[in-house]
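For reference, the structure discussed in these notes is given below.
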Number of protein chains: 2
Amino acid sequence: MNCSSPSKKLDYALAVLKERGHRLTSPRRAILELMAEESRPLAAEDIRKQVERQNPCDLATVYRNMDACLDAGIVQKCMLENGKILFELVGEHDHHHHIICRKCERTERINLCLADEMEEIATSLGFTEVDHVMELYGVCGDCR
Amino acid sequence: MNCSSPSKKLDYALAVLKERGHRLTSPRRAILELMAEESRPLAAEDIRKQVERQNPCDLATVYRNMDACLDAGIVQKCMLENGKILFELVGEHDHHHHIICRKCERTERINLCLADEMEEIATSLGFTEVDHVMELYGVCGDCR
DNA sequence: ATTATTGCAAACCCTTTGCAACTTA
DNA sequence: TAAGTTGCAAAGGGTTTGCAATAAT
């Protein structure tokens with residue numbers, strides 16, 4: 001079911017960042033290790049809290065790392081209905097979506113994406129570097 | 001191309017709100033008139049600025065009206081990549097998506113939605129009241 | 001040695017909330 | 001007259017930024 005194991009995802013992420021001239025610091029390593037382990041999208045604050053159980057880690061550091069990882073294409077955003085943003089480390093060819101519970105914010109992975117046709121339309125409208133975000137929202141079994 | 005004319009959309013919105021026991025105040029009327037006229041998603045602040053050219057209108061009033069309209073299903077959210085939220089008045093059976101320019105934030109309507117299959121998956125995972133948001137992002141012809 | 005990266009604190013922005021005054025039905 | 005709605009001002013919460021200190025290559 002899972003496209004790539006935690007350690008593979010971590011190795012891939014480290015390789016991509018190195019390739020791009022980034023340095024491997026201990027907060028960065030801790031953040032990526034956590035995200036590779038955790039297979040769900042996380043809020044910046046959650047990442048900081050969990051990383052901080054081992055090493056101190058500033059929120060700004062998390063955000064700056066997320067920026068770098070988004071640019072590098074190894075992190076994917078997930079947007080809550082209220083505009084809050086979650087981050088998820090992804091492997092190669094690992095694009096997917098989620099169904100998010102409105103009440104507890106639990107996310108469940110959905111390994112399906114039908115956006116190709118829509119991206120073609122966007123391209124035909126003159127847009128380049130087309131990408132997309134899609135989120136499903138609902139109320140999960142536990143919260144009903 | 002356009003599913004419903006401005007005046008129809010406005011009438012529909014007013015009817016739905018009345019049906020739900022809401023009152024028709026002058027800021028509310030002005031907000032809805034503007035949104036019916038404007039066929040694109042707008043930020044709360046944009047709505048306020050434009051409405052204020054005729055009547056004074058507080059930002060909190062805009063947000064509270066958007067809440068009411070979202071509950072009533074006559075307004076649809078549109079999320080920018082940075083988490084900012086735009087609002088768009090929609091008619092009956094008027095669900096659609098957008099391609100949004102990363103640079104100028106211009107939005108172009110895309111009259112296609114392929115989310116049914118994904119919503120079915122979400123339902124099969126035990127979620128109820130399933131809904132979705134999908135946004136395409138790119139760089140438009142003018143900004144390239 | 002060079003330059004990316006970090007921590008800290010402050011700034012930012014959008015959004016929400018409390019409350020008294022005002023309107024609508 | 002009762003209850004929804006508004007304006008104002010303040011608070012909230014997530015995200016970004018400047019800068020000097022630090023650490024990686």
Side-chain angles (χ1 to χ4, degrees), chain A residues 13-34 41-52 54-72 74-75 77-88 100 102 105 133, chain B residues 13-34 41-52 54-72 74-75 77-87 100 102 105:
Chain A
L14 294 176
V16 171
L17 290 179
K18 183 171 196 177
E19 156 80 32
R20 298 180 65 117
H22 285 293
R23 295 174 184 179
L24 186 51
T25 64
S26 92
R28 172 164 294 157
R29 160 156 240 127
I31 290 169
L32 293 174
E33 276 174 1
L34 168 70
L42 295 170
E45 175 61 29
D46 294 334
I47 296 172
R48 204 215 81 240
K49 256 190 293 202
Q50 296 209 47
V51 166
E52 204 148 63
Q54 314 270 352
N55 321 288
C57 176
D58 195 83
L59 238 197
T61 299
V62 175
Y63 279 111
R64 284 189 277 233
N65 271 284
M66 292 305 98
D67 279 347
C69 291
L70 284 164
D71 281 349
I74 57 175
V75 158
K77 273 185 191 176
C78 172
M79 339 246 297
L80 300 188
E81 262 180 324
N82 58 14
K84 232 187 294 177
I85 295 174
L86 307 184
F87 303 96
E88 180 177 31
I100 306 163
R102 287 201 177 85
E105 295 194 352
V133 162
Chain B
L14 295 177
V16 171
L17 290 180
K18 182 170 194 177
E19 156 79 32
R20 302 188 114 216
H22 285 293
R23 295 176 184 178
L24 185 51
T25 64
S26 92
R28 171 164 294 157
R29 161 156 239 128
I31 290 169
L32 294 174
E33 276 175 1
L34 168 71
L42 296 170
E45 175 61 27
D46 294 334
I47 296 173
R48 202 215 82 240
K49 256 191 293 205
Q50 296 209 48
V51 165
E52 203 146 64
Q54 313 271 354
N55 321 287
C57 175
D58 195 84
L59 239 196
T61 300
V62 175
Y63 280 110
R64 284 189 278 232
N65 271 283
M66 291 307 98
D67 279 348
C69 291
L70 285 164
D71 281 349
I74 57 176
V75 159
K77 274 186 189 174
C78 172
M79 339 247 297
L80 300 188
E81 261 180 324
N82 57 14
K84 233 187 292 177
I85 295 174
L86 308 183
F87 303 95
I100 305 163
R102 286 199 177 85
E105 296 195 349

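Below, chains carry the letters A, B, ... as their sequence lines are ordered, and counting in each starts from 1.
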Nearest to the side chain of A:Pro27 - D:dT17, C:dT6, D:dT6? C:dT6
Between CG of B:Leu14 and NZ of B:Lys18, what distance do you get to the nearest 0.5 Å? 9.5 Å
When the distance from CE of A:Met66 to P of C:dT6 is rounded to whole Å, what number comes out? 10 Å
N or O in side chain of B:Asn55 less than 4.0 angstrom from D:dT6 OP1/OP2: no
Given atom CD of A:Glu45 and atom P of D:dG12, what is their separation to the nearest angstrom? 16 Å
Whole-Å distance, B:Lys18 NZ to D:dA3 P, equals 20 Å
Rounded distance in Å - CZ (A:Arg20) to C1' (C:dT3): 17 Å
Residue A:Glu52 excluded, over 12 heavy atoms near CD under 6.0 Å: yes
Taking for B:Gly21 and for A:Ala44 the nucleotide of DNA chain D with the nearest heavy atom, the one nearer the 5' end belongs to B:Gly21
Surrounding CD of B:Glu45 (heavy atoms of other residues, nucleotides or ligands, distance under 6.0 Å), is the total greater than 12? yes
Nearest to the side chain of A:Thr61 - D:dT6, C:dT6, D:dT17? C:dT6
Rounded interatomic separation in angstrom, taking CG from A:Leu32 and P from C:dT5: 12 Å
Residue mapping more 5' on DNA chain C - nearest nucleotide basis, A:Arg28 or B:Lys84: A:Arg28
For B:Arg102, check salt bridge (Lys or Arg N to Asp or Glu O under 4.0 Å) against everything at least two apart and list the hits. B:Glu81
Is A:Arg20 reaching over with its side chain to a backbone N or O of A:Asp71, donor-acceptor style, under 3.5 angstrom? yes
With heavy-atom distances below 4.5 Å as the criterion, would you say the side chains of A:Cys57 and A:Val62 are in contact? yes
What is the nucleic acid contact for B:Asn82, judged by heavy atoms within less than 4.0 Å: base, sugar-phosphate only, or nothing? nothing
Might you list the N or O atoms of the protein lying below 3.5 Å from N or O atoms in nucleotides 19-25 of chain C, with each pair's distance?
unit_1	atom_1	unit_2	atom_2	d
C:dT24	O2	B:Arg23	NH1	2.4
C:dA25	OP1	B:Leu24	N	3.4

Whole angstroms only, please: what is the NZ-C1' distance between B:Lys49 and C:dC14? 13 Å
So if I apply the side chain to side chain contact (heavy atoms under 4.5 Å, CB included) rule between A:Ile47 and each of A:Leu59, A:Asn65, A:Leu42, which one comes out positive? A:Leu42
Nearest-Å distance for atom pair CG/C1', residues B:Leu14 and D:dG4: 16 Å
What is the distance, to the nearest angstrom, from the CG atom on A:Asp58 to the C1' atom on D:dT16? 12 Å
